[in-house]
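Here is the structure we will look at, set down as structure tokens.
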Amino acid sequence: MIERFISVSPFKVRVVNLWETEIRGGCLGCFGCAATGKCVYTDEFDDFLRNTIQSADAIVYAFAIRDHSMGARFKMYDDRQFCNGHRTVTMGAHTGYLISGAYSKEENVRTIVEARAQVGGNFLSGVATDETDPNGEIDCLSKTLAYALQNRLTQPANFYGVGGMKIFRDLIYLMQDFMKADHKFFKSHGQYDFPQKKKGMMIKNVSGRCADFQSQNQSENGQRHERGHAHAV
């Protein structure tokens with residue numbers, strides 16, 4: 001499928017094999033990237049993503065469906081893309097997929113493909129599979145992708161795109177003191193499309209309650225400690 005796509009594409013295609021890049025593990029969920037803008041891993045992935053993947057005019061992903069998913073290596077790659085935090089740094093990029101397997105029967109995979117393009121702000125040019133007519137679908141994907149690039153097409157947002165970004169927007173706004181890199185990106189791209197007079201009020205109130213709760217616990221522990229000493233005497 002990859003060779004077919006290369007042969008019919010009017011643009012130069014660079015093939016990147018994920019197995020040739022050092023990826024030591026999946027996302028740890030530490031949120032370090034949301035604060036600093038950089039992943040805590042010291043492998044090759046961060047440099048690979050920013051200088052190889054994000055620099056492309058279009059990205060065509062190719063994988064085989066395994067265990068009702070996209071395969072362990074591609075899943076690891078997809079998870080590690082969170083080193084962008086919630087920053088849609090590939091927004092506007094055109095994407096497509098070459099998928100081997102029963103894609104039409106895998107609702108979960110189809111949802112992921114559509115939603116990741118929507119939340120990322122990417123134009124999904126199509127999905128070519130080897131279920132029925134692989135060459136015909138690959139040719140169609142190539143033509144659609146070329147037309148989208150030449151005419152700079154953008155995709156209207158559906159529920160995934162609108163809902164996903166609003167969830168991220170609200171989360172980052174409330175946790176801006178922690179997610180500093182995400183907050184800076186969202187603010188500079190005009191993502192905060194709501195009144196902001198009570199800036200950070202909720203997260204500060206939550207932090208205050210946590211501090212009060214902690215102080216109360218320390219006070220109660222101190223009292224118990226004093227009572228313990230009095231009983232011992």
Side-chain angles (χ1 to χ4, degrees), residues 1-18 20-21 45-65 70-71 73-101 103-104 106 108-131 133-166 168 185-186 188-191:
M1 295 179 75
I2 295 174
E3 280 108 10
R4 174 71 181 191
F5 180 82
I6 294 173
S7 68
V8 299
S9 174
F11 299 103
K12 181 181 179 180
V13 178
R14 176 177 53 174
V15 178
V16 178
N17 188 340
L18 291 178
E20 296 175 353
T21 299
F45 183 82
D46 196 85
D47 181 70
F48 163 75
L49 180 67
R50 302 186 192 287
N51 298 317
T52 301
I53 301 301
Q54 294 176 358
S55 62
D57 296 315
I59 307 167
V60 177
Y61 300 101
F63 62 83
I65 294 176
M70 54 191 67
R73 191 66 173 181
F74 191 86
K75 181 65 167 61
M76 185 182 294
Y77 160 83
D78 207 29
D79 288 349
R80 283 289 299 278
Q81 285 193 95
F82 193 69
C83 66
N84 287 322
H86 301 86
R87 303 177 296 281
T88 51
V89 293
T90 58
M91 182 178 289
H94 297 78
T95 62
Y97 287 83
L98 301 172
I99 300 178
S100 177
Y103 179 70
S104 63
E106 298 290 349
N108 183 57
V109 177
R110 289 191 285 120
T111 300
I112 292 173
V113 166
E114 180 183 1
R116 73 195 300 274
Q118 279 286 323
V119 175
N122 307 123
F123 183 88
L124 181 58
S125 300
V127 179
T129 74
D130 58 0
E131 290 182 275
D133 180 20
N135 288 344
E137 292 187 20
I138 293 170
D139 294 353
C140 181
L141 170 60
S142 176
K143 291 177 181 177
T144 303
L145 182 59
Y147 183 82
L149 282 168
Q150 291 166 350
N151 294 276
R152 298 181 179 179
L153 299 185
T154 58
Q155 192 139 330
N158 61 15
F159 172 78
Y160 296 127
V162 176
M165 289 307 296
K166 285 186 181 297
F168 291 153
F185 179 89
F186 269 59
S188 64
H189 286 75
Q191 298 285 4

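- Remark: Tyr77 engages Phe45, Phe74 in a ring pair (Phe, Tyr, Trp, His ring centres under 6.0 Å) (not counting sequence neighbours).
- More than 12 heavy atoms of other residues, nucleotides or ligands sit less than 6.0 Å from atom CZ of Phe11.
- Among pairs with a residue in residues 108-127, those fulfilling salt bridge (charged side-chain N to carboxylate O under 4.0 Å, His left out) read Asp78-Arg116, Glu107-Arg110, at least two apart in sequence or across chains.
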Just do the side chain to side chain contact (heavy atoms under 4.5 Å, CB included) check on Leu141 and Tyr97 with the steps written out, would you? CA-CA 8 Å; Leu141 170 60; Tyr97 287 83; 6.0 Å; no

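- Closest heavy-atom contact between Thr144 and Ser125: CG2-O, 3.2 Å.
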Would you sort out whether Met70 and Ile65 count as a side chain to side chain contact (heavy atoms under 4.5 Å, CB included), showing the intermediate values? CA-CA 5 Å; Met70 54 191 67; Ile65 294 176; over 6 Å; no

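- Scored by the side chain to side chain contact (heavy atoms under 4.5 Å, CB included) test, Asn108 finds Ile112 as partners (sequence neighbours excluded).
- The shortest heavy-atom contact between Leu49 and Gln81 is CD1-OE1, 3.9 Å.
- With values rounded to the nearest 0.5 angstrom, Thr21 atom OG1 is found 11.0 Å from Arg80 atom CZ.
- Contacts of Asp139 classified as salt bridge (charged side-chain N to carboxylate O under 4.0 Å, His left out), with partners at least two apart in sequence or in another chain: Arg4.
- Between the CG atom of Leu153 and the CG atom of Leu145 there is a distance of 10.0 Å, given to the nearest 0.5 Å.
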Hey, mind stepping through His94 and Tyr147 against side chain to side chain contact (heavy atoms under 4.5 Å, CB included) and telling me if it holds? CA-CA 11 Å; His94 297 78; Tyr147 183 82; over 6 Å; no

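- Ala117 approaches Thr95 most closely through the heavy-atom pair CB-OG1, 4.5 Å.
- Listed by first and then second residue, the salt bridge (charged side-chain N to carboxylate O under 4.0 Å, His left out) pairs involving residues 143-157 amount to none (not counting sequence neighbours).
- Of all the heavy atoms in Glu137 and Val127, the pair that sits closest is OE1-O, 3.9 Å.
- The nearest pair of heavy atoms linking Ala157 to Val162 is CB-CG2, 3.8 Å.
- Partners of Gln118 by side-chain hydrogen bond (donor to acceptor under 3.5 Å, both in side chains), not counting sequence neighbours: none found.
- Heavy-atom contacts from other residues, nucleotides or ligands closer than 6.0 Å to CD1 of Ile2 number 12 or fewer.
- Residues forming a side-chain hydrogen bond (donor to acceptor under 3.5 Å, both in side chains) with Ser104 (at least two apart in sequence, or on another chain): Glu131.
- Residues passing the salt bridge (charged side-chain N to carboxylate O under 4.0 Å, His left out) test with Lys75, sequence neighbours excluded: Asp79.
- Pairing each heavy atom of Phe5 with each of Leu98, the nearest pair is CB-CD1, 4.0 Å.
- Annotation: the span from Thr129 atom OG1 to Ile138 atom CD1 amounts to 9.0 Å, rounded to 0.5 Å.
- Remark: Pro10 pairs with Ser142, Ala146 by the side chain to side chain contact (heavy atoms under 4.5 Å, CB included) rule, at least two apart or across chains.
- Asn158 places a side-chain N or O within donor-acceptor distance of the main-chain N or O of Tyr160, the cut-off being under 3.5 Å.
- With sequence neighbours excluded, no residue forms a side-chain hydrogen bond (donor to acceptor under 3.5 Å, both in side chains) with Ser9.
- Expressed to the nearest 0.5 Å, how far CD1 of Ile53 lies from CZ of Arg14 amounts to 7.5 Å.
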Please tabulate, for side-chain N and O atoms in residues 55-64, each donor-acceptor pair with protein atoms closer than 3.5 Å (sequence neighbours left out).
| from | atom 1 | to | atom 2 | distance (Å) |
| --- | --- | --- | --- | --- |
| Ser55 | OG | Asn51 | O | 2.8 |
| Ser55 | OG | Thr52 | O | 3.3 |

